[in-house]
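Single-structure report; data block below.
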Amino acid sequence: MIGWALYLAYTLLLPPLLIGLLRKLKSRLQGRQGPPVWQVYRDLAKLARKGETISETTTWVFAAAPSVALGCVLVCALSVPWLGLPAPLHGDVFLLVYLLALGKFAMSLAALDPGTTFGALGASREAAVGVLAEPALVLALAALAVQAGSSDLAVLFASRPGAELGTLLPLVGTALWLSITAELARMPVDDPTTHLELTMIHEALILENSGRNLALVELGAGIKLAVLFGLLAQVLLMGTPALAPWAAHATSLALIVGACAVVAFIETVMVRLRWRRIPALMAFGLTAATMACLIVALKSEAPSPAPDRHAPAWHRPSAQPSDETTAIPPQRSGLRPDATLERGGPARAVLFAPRSGAEHV
Amino acid sequence: MTFGLPALLVAGAVLAWGLLLSGGRAHRRSALLLLSGGCAALIGGVLLMAAAPSDVYLAAPFSLGGSPFAFRLDPLAGWFVAVIGLVAAGTAPYQPGYLRHLTRHAETRAYWPSLGLLLVSMVGVVLAANAPTFLVAWEVMSLSSFALVATDGRTPAVRSAALVYLGATRVGTAALMGGFLWAHAQSGSWTFSDWHLSGAAALGPGLLVLLGLGVKAGMWPFHLWLPIAHPAAPSPVSALMSGVMVKVAVYALVRLFVLPAAFSHPALGVTVLVLGAVSAFWGVLFALLQDDLKRLLAYCTVENVGLILVGVGLAMVASGLGLPVAARLALAAALFHVLSHAVVKALLFLAAGAMDVATGTRDLRLLSGLGRRLPTTFACFVAGSAAICALPPLSGFASEWLLYQSALGLAVGGSAPLPRFAAMLLVGWIALAGVLALACFVKATGIAFLGRPRSAEMAEAVEVGRGMRIAQIGLAAVCLLLGLGAPWVLAALEPVVAPLAPAAAALTTVWTLPMGSLAAVLALTVAAAWCLRRTADLAQPSRTYITWECGFGDLGPRMQATAGSFAQPLLRLFGNLMRYAVTRRVEGDRADLFPRRITVVPSTDPILGAHVYRPAVQFIDRCGRWIARCQAGSIHAYLTAMLVVLLLLLVVGRMVP
């Protein structure tokens with residue numbers, strides 16, 4: 001019960017503060033005063049009070065999508081132990097990924113609902129970014145799941161990688177950072193503060209929302225940021241010896257705030273990448289995740305049996321001869337990172353190429 | 001057990017059912033018969049899953065090639081019989097309404113007899129215990145489905161599609177027959193359970209059988225008939241073919257390669273796994289490209305058959321590596337996905353058919369803004385899309401989650417680095433196919449149902465009749481129930497997959513997700529957010545208005561995204577695989593400054609069809625024309641041909657001991 005109350009309180013109250021903090025940090029780094037840290041709470045309250053304008057062509061999908069998306073991230077927040085304490089619900093790597101996908105499905109449909117140009121552009125680009133980012137996220141988490149012997153997040157974060165810690169965590173961390181920032185529509189993939197609709201990705205997706213629907217969307221985006229950075233914090237905590245619950249909790253919070261600071265720093269010193277350069281960036285994440293998998297695969301000793309009763313009952317055969325010829329050739333053809341690298345193409349060739357449709361942004 | 005009284009009763013009932021169905025002209029009565037037959041098959045299948053395996057032989061006159069018609073009743077067959085029954089019953093309420101629409105432009109006299117034959121023969125394939133019985137049922141299945149595809153035979157496009165399908169079934173059956181003959185030559189028996197070929201002896205017949213089954217299942221690179229035949233067939237037939245018939249081939253694969261392995265060779269498992277993985281990616285990528293809704297769904301079937309084959313392949317590989325528990329889990333995942341995809345794909349094809357009935361087109365370039373006109377079809381299509389994208393808490397998520405777990409199981413349990421690494425990459429690969437499927441179905445749903453109507457037909461479309469709606473709602477409800485009741489489905493699968501790892505812990509222990517509480521929290525949150533919105537609405541009502549008007553008046557339907565423009569960023573990303581190119585032409589006196597007309601045409605070049613199959617077909621065509629010269633009527637040519645064949649047979653007969 002305490003777990004429920006704690007997680008619910010953190011989930012609903014912390015995210016606006018994190019976003020406010022991020023904005024404040026970014027403003028100060030850019031030499032501006034910036035809005036107060038609490039501004040996001042006020043914005044949300046104001047949005048919730050304001051009326052909304054809905055396009056005449058919309059259906060129930062548009063009205064319901066922000067609620068569904070919020071529900072998805074809330075279930076994520078309750079099933080992922082992102083605070084360093086046991087989560088009230090039982091979470092899983094694939095459940096997390098597919099819940100986020102459900103939210104994206106709902107929001108993309110809502111973007112297509114009014115039948116305007118910008119929403120569809122946002123939905124289409126968001127899908128493309130998802131295709132680039134999600135395999136890296138899943139692969140990185142799968143590498144950790146295999147070394148822990150379970151895809152259950154509680155078991156996964158309780159495990160400690162052995163000797164390969166020094167190589168595994170940086171690789172997984174890189175892959176996770178790149179795919180999480182893409183998932184959160186942060187620089188260098190997307191610019192949350194852009195004012196030009198043609199260059200928007202996530203902002204174009206939610207462009208049609210106003211009033212309380214926008215409040216739900218903003219709150220959902222904040223929760224997603226907190227949970228995904230919390231996930232990253234748990235991965236980084238795997239590099240330390242097992243901590244006491246309060247210490248793990250405090251460190252998690254510190255790491256989440258630290259991640260926000262890093263985002264603020266990156267958004268100060270970097271610009272958004274051009275649309276066509278994003279595949280090359282995401283290829284780094286995919287490569288890092290693949291290398292993490294390779295390291296886990298090459299690990300010689302058997303994985304420690306999962307301590308949790310929920311863990312699937314896989315067992316390793318005792319010294320059974322393995323037939324070398326049954327080895328599966330790795331499917332390189334599509335996951336090959338340099339294949340996506342090529343899509344980036346040289347910038348010069350693109351500059352003078354004939355422009356068409358949405359490509360030239 | 002030979003032909004006993006219960007078996008006689010069942011056979012009599014099936015015969016009576018078939019005759020009644022064939023004789024019926026009234027669609028409503030035939031649909032009722034279909035419903036009852038489907039329910040009977042469902043119940044029978046569930047009973048078979050609980051019962052001990054048994055064999056049934058027909059008495060003496062009913063035999064072929066020296067072996068009697070034989071049937072094996074066991075849990076695996078029961079699972080597939082239940083799936084066939086479920087989908088047949090699910091599509092039954094839909095049939096009368098659709099057929100009323102179809103009779104306007106097609107001849108439907110052969111429809112019900114062919115449908116009855118198709119269902120009975122599918123059950124026959126699933127129950128067959130030896131090769132002759134299997135082949136007879138397989139042939140009846142192929143030919144009756146051909147007749148169904150050719151229902152609308154007056155249209156030239158349908159005729160050519162039906163011929164392509166017939167050609168594909170011929171190739172498949174030929175390969176299958178060759179494989180069975182080869183296996184018979186090596187084992188001396190026609191009965192499947194007597195075949196225990198392993199090592200090099202298994203490779204040849206195994207690959208031939210795999211080819212034959214792969215053509216029927218739509219495995220890459222033999223999938224090309226699916227996107228051609230499905231749009232041509234009536235929608236309920238597509239639902240049955242895509243939902244169930246391709247799974248019958250999966251059944252045979254499981255029966256002959258896994259439970260128990262009649263052909264066991266390490267390369268076979270790897271082949272199934274790799275071809276399945278390629279199918280999964282290839283299918284969904286080409287689905288993303290399609291403009292015809294039913295072609296899109298057909299390619300999506302290729303993807304899902306690929307995922308099922310990945311599960312079967314994982315089971316084969318894991319068995320070979322000595323990981324019975326992972327193998328059992330992989331097979332359970334594959335069989336669960338068989339069920340879940342059968343239901344979802346039937347639902348989606350029925351919804352596509354409903355759109356066809358309501359608007360007269362399946363073209364995503366024309367379909368638009370139907371959500372308000374067809375509310376039930378819309379809601380069911382959204383549910384089906386979410387289920388096929390494996391979104392929780394629907395059925396697709398449960399089966400895909402199990403597939404991920406079995407890949408992880410191989411990665412955790414495997415001892416050699418290469419299989420471990422490959423299994424982990426497979427996890428990412430399935431995730432990639434999953435994200436692409438999401439994009440594909442956001443496109444299909446969003447373009448067809450959302451936005452503004454592009455034409456008067458779309459703006460005035462009328463929702464389909466009650467029966468057609470009930471069928472869709474029923475199948476959508478089954479999707480949800482299968483997702484929420486995943487542990488019970490797993491418990492039902494337990495006896496089916498038990499032979500792989502008899503001593504292992506119960507299959508349900510693998511399912512660690514508390515689906516009930518997750519779904520409850522999700523539903524509660526959504527409801528709470530929705531209620532908050534409604535209360536705010538009471539205080540300050542939301543305004544429905546023209547958005548983005550900017551003083552210029554309302555936007556037109558041409559401003560909104562099209563299917564092609566939605567998929568464009570993704571297709572550019574993978575453009576090399578299909579030679580995706582966008583040609584842009586600007587007309588006008590000073591085109592750079594004052595364009596009068598801008599035309600953008602995306603083009604693709606399906607490599608497999610254009611550069612592999614077309615030359616092959618042309619070659620066969622040329623050979624045929626050359627051989628046809630012998631039949632031009634010259635008696636000398638005939639006699640020479642006969643002499644040559646006789647000599648050839650004598651020489652071959654001399655050489656082969």
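What you see is a predicted model, and the numbers here were worked out from it, not measured in a lab. Throughout, protein chains are lettered first and strands after them, A, B, ... in sequence-line order, and every chain is numbered starting at 1.
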Do you see a donor-acceptor pair shorter than 3.5 Å between the side chains of A/Ser124 and B/Gln568?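 Short answer, no.
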- Message: Quiz question: by atom type and distance under 3.5 Å, do the side chains of A/Thr58 and A/Asp113 form a donor-acceptor pair?
- Response: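 Looking only at side-chain atoms, A/Asp113 and A/Thr58 do not form any donor-acceptor pair under 3.5 Å.
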request  = Only counting residues at least two apart or in another chain, list the ones meeting side-chain hydrogen bond (donor to acceptor under 3.5 Å, both in side chains) with B/Ser385.
outcome  =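 B/Ser385 satisfies side-chain hydrogen bond (donor to acceptor under 3.5 Å, both in side chains) with B/Thr445 once adjacent residues are dropped.
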- [ ] Check whether any side-chain N or O of A/Arg212 sits under 3.5 Å from a backbone N or O of A/Ala48 as a donor-acceptor pair, and report yes or no.
- [x]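 No, because the side chain of A/Arg212 does not come within donor-acceptor range (under 3.5 Å) of the backbone of A/Ala48.
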Taking B/Arg533 for the side chain and A/Ala63 for the main chain, is one N or O donor matched with an acceptor at less than 3.5 Å?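 Flag set: sc B/Arg533 to bb A/Ala63 pair under 3.5 Å.
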Chain A interface, residue from [options] that has the most non-hydrogen pairs under 4.5 Å:
options: B/Ile430, B/Leu577, B/Leu518; result: B/Leu518
options: B/Leu532, B/Ile598, B/Thr525; result: B/Thr525
options: B/Ala439, B/Pro569, B/Ser368; result: B/Pro569
options: B/Gln540, B/Met316, B/Met559; result: B/Gln540
options: B/Gly371, B/Ala386, B/Gly269; result: B/Ala386
options: B/Lys443, B/Glu400, B/Gln560; result: B/Gln560

Notebook entry, point to check: Run the side-chain contact (heavy atoms from CB on, under 4.5 Å) check on B/Phe441 and B/Val284 step by step: do they pass?
Noted result: CA-CA 10 Å; B/Phe441 278 91; B/Val284 71; over 6 Å; no
Partners of A/Glu208 by salt bridge (Lys or Arg N to Asp or Glu O under 4.0 Å), sequence neighbours excluded?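 Per chain and number, A/Glu208 pairs via salt bridge (Lys or Arg N to Asp or Glu O under 4.0 Å) with no residue.
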For [X], which atoms come within 4.5 Å of any heavy atom of chain B: side chain, backbone, both, or neither?
X: A/Ala123; result: both
X: A/Ala64; result: both
X: A/Leu78; result: side chain
X: A/Leu294; result: both
X: A/Leu89; result: side chain
X: A/Phe118; result: side chain
X: A/Ala111; result: neither
X: A/Val93; result: neither

Self-check item: Pick from A/Leu74, A/Asp92, A/Val68 with the largest number of heavy-atom pairs that fall under 4.5 Å of chain B
Solution: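 That would be A/Asp92.
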Heavy-atom pairs under 4.5 Å with chain B, option from A/Thr117, A/Leu99, A/Leu95 with the top count:
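Option with the greatest count: A/Leu95.
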Reference residue B/Phe421; test side chain to side chain contact (heavy atoms under 4.5 Å, CB included); the match among A/Leu298, A/Thr290, A/Val296, A/Val146:
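Only one option passes, and that is A/Thr290.
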Which portion of [X] sits near chain A, non-hydrogen atoms under 4.5 angstrom:
X: B/Ser565; value: backbone
X: B/Pro393; value: neither
X: B/Phe566; value: both
X: B/Leu436; value: both
X: B/Ala379; value: both
X: B/Ala539; value: neither

Q. Relative to the ring of B/Phe381, is the ring of B/Phe449 parallel (under 30°), tilted (30 to 60°) or perpendicular (over 60°)?
A.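 Tilted.
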Apply the test salt bridge (charged side-chain N to carboxylate O under 4.0 Å, His left out) to residues A/Glu56 and B/Arg452: give CA-CA distance (whole Å), side-chain angles for both, the deciding distance (0.1 Å), then the verdict. CA-CA 10 Å; A/Glu56 274 174 347; B/Arg452 290 153 201 271; over 6 Å; no
Got more than 12 heavy atoms from elsewhere within 6.0 Å of CE, A/Met291?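 It does not: A/Met291 CE has 12 such atoms or fewer within range.
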For A/Ala175 and A/Ala136, which heavy atoms make the closest approach, and how far apart are they?
->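 That closest heavy-atom pairing would be CB-O, 4.5 Å.
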Pair B/Phe574 and B/Trp282, ring centroids less than 6.0 Å apart
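Not close enough - the centres of the two rings lie 6.0 Å or further apart.
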